[in-house]
Amino acid sequence: MPLMGVWGCPSEPPTPFEPQVDAGEVFQPTQDAGALSPTPKHDAGSPPFVTDAGPSLSLSDEDGGGVWDAGLSSDNLCESCVRSVLYPEDWAPDTTYEGGLFLHDFSYAGYHQSEKDVPQNHETLDVFDVTDHGADNTGANDSSLAIQQAIDAASSNGGGLIFFPSGEYRCENNLLITHSNIVLRGHSLQDTKLFFTRSNNSSDASIRFRGTLTEGNDHLLLINGENRSHEVFIADASELQVGDDILVGWSITTPFIQEHGMTEFWNSNNNFPSVDLWRPFFRRVITSIDETPENTFRIGLDVPLRYPAKIRDAASLRKVSGHLLEVGIENLKLSNAIDTNAAWAADRVHLIEMHQVKNAWINHIKSTTSPEGPSSFHLQSSGILVKQSKNVTVAHSDLMKAQNRGAGGNGYLYEVMQSNEILFRDSRGIAGRHNFIQNWDFGTSGVVFLRTESAEGQTINSATLGVGTTAYSEFHHALAMANLIDDSFASDGWAAVNRRFYSSGAGTCATQTVFWNLRGDPGESGFGSNALLSFQHGMGYVIGTQHLDVQVSIPVVDITGRSSLSAPEDHSELIDEGENLYPPSLFEDQLTRRIGNTD
């Protein structure tokens, strides 16, 4: 299996753009009337800036690992390098092209919007050594109570570093973190291991970080919030102040459902969860509050809207509080594999869950075998879940070998749900079901998958079956908006389609999402492998691919229904020419434009 590395073009500056195969017409930019104001142009010729979450991750050959580099993309350009027609040197976030085509600014994803590195040392935190609380680092005795006592002591202290000296720790119960400024850190990825032996109930997590969000009053928008705008307007801002966290959302009304052609799928007969309910779509911070001459209030937002917020649907904003802040887990091998029958008796069991957190991280985590489970598996069901959160970085991690890969939400190695501006970077998902996945209900947007590797995804519907059908990383439910798969590898595949009646009427699952510089494995020839399916609502984008079966053309007859109601056909260019695409990472180049190269 190929290992993930760094792809890009060396040496010379790029040649002027010339139309390529599938590149279509070269569009002239126009200013978007919905944007705030023309944004100053930046020079895209400077080297891509990388906010590094830490040193390169080296994985031993044990458990299927290898050695790969999570470092910088190439600084220079080659003579054959080509830019997308939608991303010229003078690209700006408010630029729209003929036909309404545009690329979102994805650079806000990650811990502190990737303006800060994920913390590497924690000198300001008091250290709580778990062995001081009675944890056994030989793996012979249950350490879960001692570890939880260390967590609780740090919580009472206002925060702390929960330190695991080298060794193995047996945990017969799950761990819970409910306070900010708590970091779980192993001595090193190579010599510190936790294994969980509990037969979990459905929707449990071995390690759970849990905030408690509280929503304030509803402030109806006075005019439609425009896509890519940094502002909304309300009548009364007396309860709000700069720095507040807010939710911007709207009700899933009949007109909204009809507008998306989803009457057949988004309805109560399918147990669809959101009909006639208000749903938060965007998680933002107030940057300014200005009274207008009309005695209304302009509310400035730190991150642009990623879809129109319409007063037709009672679009509004609500103040929200109660996130866990500055929490993390790092430098640990983890497993929760158990008896095979027990693993198949529960659904949606995760190794790590981050629920209602902000500015948090998961860094240098590797799944591994457990003495309590079959030697061929690492995870009971699923890996990492980020839910109802924002600005989380998951980096330099390696998850693989799920026991339960059947229906009911299992085998999801990296899962994001109802969250904004999450960054999954430099990480591998191997031998899950859907290795990287957006899931369940509205409200996921601005998520970036940067230099990820997905392989051996399979649906296996019985504990006794050793093989199954190829399953893709995918957008799984209810219109995920404006997400980016960037400079990544998938020998199984990626999908953004209309899933119709599946998963309680998931329907069309993506819009305005970009597949940028995605590669397959030329040595993989299995049925359904190396696939990229993009049938998005409105417009989606496939830009620069290699060794992939790209499907964007809408057939006259589609017996699967996955392309139904997805017209117009998604924009595609540089198909099978991704090796020439510049920049190799859209996210990193956009980050450079927004905050500058700080090297």
Chemist: Pair Arg279, Asp441 - check salt bridge (charged side-chain N to carboxylate O under 4.0 Å, His left out), show working.
Modeler: CA-CA 9 Å; Arg279 287 292 185 251; Asp441 214 347; 2.8 Å; yes

Chemist: For His219 and Ser316, indicate whether the former's side chain and the latter's backbone hold a donor-acceptor pair under 3.5 Å.
Modeler: no

Chemist: Tell me the closest heavy-atom pair linking Leu86 and Trp91, and the distance in Å.
Modeler: O-CD1, 3.4 Å

Chemist: Nearest 0.5 Å, please: how far is CE in Met354 from CD1 in Ile362?
Modeler: 4.5 Å

Chemist: Any donor-acceptor pair under 3.5 Å linking the side-chain atoms of Ser473 with those of Asn435?
Modeler: no

Chemist: Between Ser566 and Asn498, is the side-chain hydrogen bond (donor to acceptor under 3.5 Å, both in side chains) condition met? List the steps.
Modeler: CA-CA 7 Å; Ser566 67; Asn498 181 0; over 6 Å; no

Chemist: Tell me whether the NZ or CZ atom of Arg593 lies within the 45° cone about the ring axis of Phe106 and under 6.0 Å from its centre.
Modeler: no

Chemist: If we count only N and O atoms by modelled type, under 3.5 Å, do the side chains of Trp494 and Glu474 hold a donor and an acceptor together?
Modeler: no

Chemist: Would Ser454 and Asp492 count as a side-chain hydrogen bond (donor to acceptor under 3.5 Å, both in side chains) if you check the C-alpha gap in whole Å, the side-chain angles of each, and the deciding distance to 0.1 Å?
Modeler: CA-CA 7 Å; Ser454 178; Asp492 34 32; 2.9 Å; yes

Chemist: Report yes if some heavy atom in the side chain of Arg283 is under 4.5 Å from a heavy atom in the side chain of Gln388; otherwise report no.
Modeler: yes

Chemist: Is it the case that Tyr307 and Glu226 place a side-chain donor and acceptor less than 3.5 Å from each other?
Modeler: no

Chemist: Apply side-chain contact (heavy atoms from CB on, under 4.5 Å) to the pair Glu330 and His122, showing each step before the final yes or no.
Modeler: CA-CA 12 Å; Glu330 56 197 38; His122 309 283; 2.8 Å; yes

Chemist: With a 4.5 Å cut-off on side-chain heavy atoms, are His112 and Glu326 touching?
Modeler: yes

Chemist: Is the closest side-chain heavy-atom distance between Thr444 and Phe281 below 4.5 Å?
Modeler: no

Chemist: Going by atom types alone, do Thr452 and Ser488 pair a side-chain donor with an acceptor below 3.5 Å?
Modeler: yes

Chemist: Under the 3.5 angstrom rule, does the side chain of Tyr541 hit a backbone N or O of Glu573 as a donor-acceptor pair?
Modeler: no

Chemist: Looking at CD1 of Ile430 and CG of Leu399, how far apart are the two atoms once the value is rounded to the nearest 0.5 Å?
Modeler: 10.0 Å

Chemist: For Ser491 versus Ala455, what's the shortest heavy-atom pair and its separation?
Modeler: OG-CB, 3.3 Å

Chemist: For side-chain contact (heavy atoms from CB on, under 4.5 Å), just list the numbers for Leu305 and Val248, CA-CA rounded to whole Å, side-chain angles, deciding distance to a tenth of an Å, and then say yes or no.
Modeler: CA-CA 9 Å; Leu305 301 179; Val248 178; 4.3 Å; yes

Chemist: Quick one: do His355 and Gln418 satisfy side-chain hydrogen bond (donor to acceptor under 3.5 Å, both in side chains)? Show the steps, please.
Modeler: CA-CA 10 Å; His355 185 198; Gln418 304 159 33; over 6 Å; no

Chemist: Picking from Val394, Val447, Asn439, Val392, what satisfies side chain to side chain contact (heavy atoms under 4.5 Å, CB included) with Val416?
Modeler: Val447

Chemist: Side-chain contact, heavy-atom cut-off 4.5 Å: Arg451 with Arg428?
Modeler: no

Chemist: Is the shortest heavy-atom distance from the side chain of Leu317 to the side chain of Leu240 under 4.5 Å?
Modeler: yes

Chemist: Do Asn391 and Asn359 have side-chain atoms, one donor and one acceptor, less than 3.5 Å apart?
Modeler: no

Chemist: Can you confirm whether Leu450 sits close enough to Ser585 that some side-chain heavy atom of one is under 4.5 Å from a side-chain heavy atom of the other?
Modeler: yes

Chemist: Please tell me whether Tyr87 and Asp589 have a donor and an acceptor in their side chains that are separated by less than 3.5 angstrom.
Modeler: yes

Chemist: Can you find a side-chain donor-acceptor pair between Thr287 and Asp302 that sits under 3.5 Å?
Modeler: no

Chemist: Over all heavy atoms of both residues, which pair between Gln536 and Thr513 is shortest? Give the atoms and the distance, please.
Modeler: OE1-N, 2.9 Å

Chemist: Please name all residues satisfying salt bridge (Lys or Arg N to Asp or Glu O under 4.0 Å) with Arg284, sequence neighbours left out, ordered by chain then number.
Modeler: Glu421

Chemist: Between Ser427 and Ser397, is there a donor-acceptor pair closer than 3.5 Å when you use the side chain of the first and the backbone of the second?
Modeler: yes

Chemist: Could you please spell out the steps behind the side-chain contact (heavy atoms from CB on, under 4.5 Å) verdict for Leu184 and Ile207?
Modeler: CA-CA 10 Å; Leu184 277 59; Ile207 303 173; 4.2 Å; yes

Chemist: Is there a side-chain contact (heavy atoms from CB on, under 4.5 Å) between Leu351 and Ile384? Walk through the geometry before answering.
Modeler: CA-CA 6 Å; Leu351 184 64; Ile384 291 168; 6.0 Å; no

Chemist: Is any side-chain heavy atom of Ser84 less than 4.5 Å from a side-chain heavy atom of Trp516?
Modeler: yes

Chemist: Taking all non-hydrogen atoms of both residues, which atom of Asn331 and which atom of Ile365 are closest, and how far apart?
Modeler: N-CD1, 4.2 Å

Chemist: Look at the aromatic rings of His260 and His537 and report parallel, tilted or perpendicular, splitting at 30° and 60°.
Modeler: tilted

Chemist: What salt bridge (charged side-chain N to carboxylate O under 4.0 Å, His left out) pairs are there with at least one residue in residues 476-486, not counting sequence neighbours?
Modeler: none

Chemist: According to side chain to side chain contact (heavy atoms under 4.5 Å, CB included), who are the partners of Ser288, at least two apart in sequence or on a separate chain?
Modeler: Asp290, Arg298

Chemist: Would you verify whether the NZ or CZ of Arg318 falls within 45 degrees of the ring axis of Trp278 while also being under 6.0 Å from that six-membered ring's centre?
Modeler: yes

Chemist: Nearest heavy-atom pair of Asp105 and Pro93: which atoms, and what distance?
Modeler: OD2-CG, 3.9 Å

Chemist: For ring pair (Phe, Tyr, Trp, His ring centres under 6.0 Å), just list the numbers for Tyr412 and His476, CA-CA rounded to whole Å, side-chain angles, deciding distance to a tenth of an Å, and then say yes or no.
Modeler: CA-CA 11 Å; Tyr412 301 170; His476 198 70; 5.7 Å; yes

Chemist: Between Lys310 and Asn224, which heavy-atom pair has the shortest distance, and what is it?
Modeler: CA-OD1, 3.2 Å

Chemist: Nearest 0.5 Å, what's the CG-CD1 distance between Leu222 and Ile311?
Modeler: 8.0 Å

Chemist: How about CZ on Arg210, more than 12 heavy atoms from neighbouring residues, nucleotides or ligands closer than 6.0 Å, or not?
Modeler: no

Chemist: Could you check whether Arg594 makes a cation-pi contact with Tyr108, meaning its NZ or CZ is under 6.0 Å from the centre of the six-membered ring and within 45° of the ring axis?
Modeler: yes

Chemist: Step by step, would you call Lys390 with Asp245 a salt bridge (charged side-chain N to carboxylate O under 4.0 Å, His left out)?
Modeler: CA-CA 11 Å; Lys390 65 178 181 178; Asp245 286 295; 2.7 Å; yes

Chemist: Backbone N or O of Leu213 within a donor-acceptor pair of the Gln356 side chain at under 3.5 Å?
Modeler: yes

Chemist: Taking the side chain as C-beta and beyond, is there a heavy-atom pair between Ile299 and Phe233 under 4.5 Å?
Modeler: no

Chemist: Looking only at side chains, do Gln512 and Asn483 share a donor and an acceptor under 3.5 Å apart?
Modeler: no

Chemist: Using 30° and 60° as the class boundaries, would you call the ring planes of Phe424 and Phe436 parallel, tilted or perpendicular?
Modeler: perpendicular

